[in-house]
Amino acid sequence: MSRAGRVLRRGLWAGLAVVVLAAGTLIWFGAWHYPAMGLAGIPKDGYRQAMDIAARGMTASDGLTFEDWDFLKFRQVERGGEAYAWGAARCKAADGSTSFYWVYLEWSKKRGQWLRNYSLELAAPDDEIYFTRTFPGQIGRARLALGKILGQLASRVREARAFPPDPRDLQRPGL
Amino acid sequence: MTRLLTRDNLVRALLLVALGGTLWKGFLKTPEGATLVDPKSFYNGLVNDGENTAIMKERHRDVLEATDKAVRVRLGELRAGVYKPAPDSIVTEESLERAIRKDQATRERAVDDEVRAWEKLERARRLEAAGWRMGLGCAPAGEGRP
């Protein structure tokens with residue numbers, strides 16, 4: 001085989017390795033590391049503590065100051081071991097406006113701990129709820145959706161990097 | 001002379017046993033088999049499914065109610081001048097008012113979904129309390145009434 005072919009083949013393998021590593025890291029972070037961060041050891045009925053830790057971390061990484069829970073719910077089934085906690089956190093943005101952040105945790109039977117689930121700022125400026133049938137167009141929709149996904153990923157990564165070794169050091173209400 | 005115990009016949013017999021086992025397992029998956037052979041596990045699954053669905057539907061309604069509140073508060077603060085969207089933002093007074101209506105439309109359906117989920121859960125509990133079993137013949141229309 002020619003030299004150029006060999007170089008090309010090695011380059012392709014290296015590229016493939018990078019892609020696999022990147023995908024693996026993304027899956028590890030999103031499905032394993034981030035959901036569990038700082039929530040290990042909290043029992044099922046300690047949902048309030050778990051919700052506080054999750055809410056403080058995710059609102060802070062979006063530049064919001066957690067004030068208090070607008071409401072908070074805990075539900076569990078009688079048959080089987082599933083349990084869920086969700087609520088809306090009332091926050092203040094930097095410009096003094098109010099924001100509500102949806103926080104949702106699920107109890108993992110497999111890992112025996114609370115895990116973060118679908119959580120986001122409600123009625124955020126890039127929310128679909130402001131769309132009409134014709135505005136924005138397909139490209140605009142795609143751009144906003146991609147921006148939202150990447151923005152959330154960046155926010156989660158920021159949160160993970162700033163996460164204190166002891167979750168009790170997270171922001172306190174009124175700070 | 002024909003021998004009955006040959007290697008081929010042994011394999012055939014084992015295959016038949018495996019086939020029978022598969023058929024039995026499949027029968028246990030049907031409502032007829034599950035309610036007849038292991039009703040406790042069948043109803044545990046049915047009630048567990050109903051409970052999880054009801055909780056999910058309640059959560060879906062809650063997220064819409066929380067969104068409604070978030071939009072209304074945002075609209076109030078926009079009118080009061082506290083919330084100032086970026087110049088090219090899609091958040092305007094009109095889009096916020098529209099968002100309230102859109103959210104309400106979705107919520108009407110979510111409320112129905114929640115009612116249906118509770119009905120499903122109650123039906124599962126009622127069937128269990130009535131000791132309902134799906135017979136092997138034609139089941140009567142409707143459900144077993146306690």
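Chain letters run A, B, ... following the sequence lines, proteins first, then strands; residues in each count from 1.
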Output for pair (B/Asp62 CG, A/Arg75 CZ), nearest 0.5 Å, gives 8.0 Å
Anything in residues 119-155 of chain A with a heavy-atom distance to chain B below 4.5 Å? Please list those residues in order.
A/Glu121, A/Leu122, A/Ala123, A/Ala124, A/Pro125, A/Asp127, A/Glu128, A/Ile129, A/Tyr130, A/Phe131, A/Thr132, A/Phe135, A/Leu144
Residues that, via side-chain heavy atoms closer than 4.5 angstrom, fall in one hydrophobic cluster with A/Val18
none
For a side chain to side chain contact (heavy atoms under 4.5 Å, CB included) check, start with the C-alpha distance between B/Val63 and A/Trp86, then their side-chain angles and the critical distance, and finish with the verdict.
CA-CA 9 Å; B/Val63 76; A/Trp86 66 83; over 6 Å; no
Quick check: closest heavy atoms across B/Glu58 and A/Lys73, and the distance to 0.1 Å?
OE2-NZ, 2.7 Å
Suppose we screen for side chain to side chain contact (heavy atoms under 4.5 Å, CB included). Which residues come up paired with A/Asp166, at least two apart in sequence or across chains?
A/Arg168, A/Asp169
Whether the side chain of B/Glu51 engages the backbone of A/Gln76 through a donor-acceptor N/O pair (distance < 3.5 Å, no angle test) should be reported.
no
Quick one: of B/Lys102, B/Met56, B/Glu94, who has the most non-hydrogen atom pairs under 4.5 Å with chain A?
B/Lys102
With a 4.5 angstrom heavy-atom cut-off, could you sort out which part of B/Val73 is near chain A: side chain, backbone, both or neither?
side chain
Just verifying a value: how many Å separate B/Lys84 NZ and A/Ser97 OG, rounded to the nearest 0.5 Å?
8.5 Å
Could I get the full list of side chain to side chain donor-acceptor pair (under 3.5 Å) partners for B/Arg61, not counting sequence neighbours?
B/Glu65, B/Glu114
Where do B/Ala70 and A/Phe100 come nearest, in terms of heavy atoms and distance?
CA-CD1, 3.6 Å
Rounded to the nearest 0.5 Å, what separation is found between the CD atom of A/Glu78 and the CG atom of B/Asn48?
11.0 Å
Do B/Arg74 and A/Ser99 pair up side chain to side chain, a donor and an acceptor below 3.5 Å, judged on atom types alone?
yes
CZ on A/Phe74 to CD1 on B/Ile55, rounded to 0.5 Å
9.0 Å
Minimal heavy-atom distance between A/Trp102 and B/Arg59, with the atoms involved, is CZ2-CG, 3.9 Å
Relative to chain B, which segment of A/Asp95 carries a heavy atom at a distance below 4.5 Å: side chain, backbone, both, or neither?
both
Only pairs of heavy atoms separated by less than 4.5 Å count here; which of B/Ile90, B/Val71, B/Val82 has the most with chain A?
B/Ile90
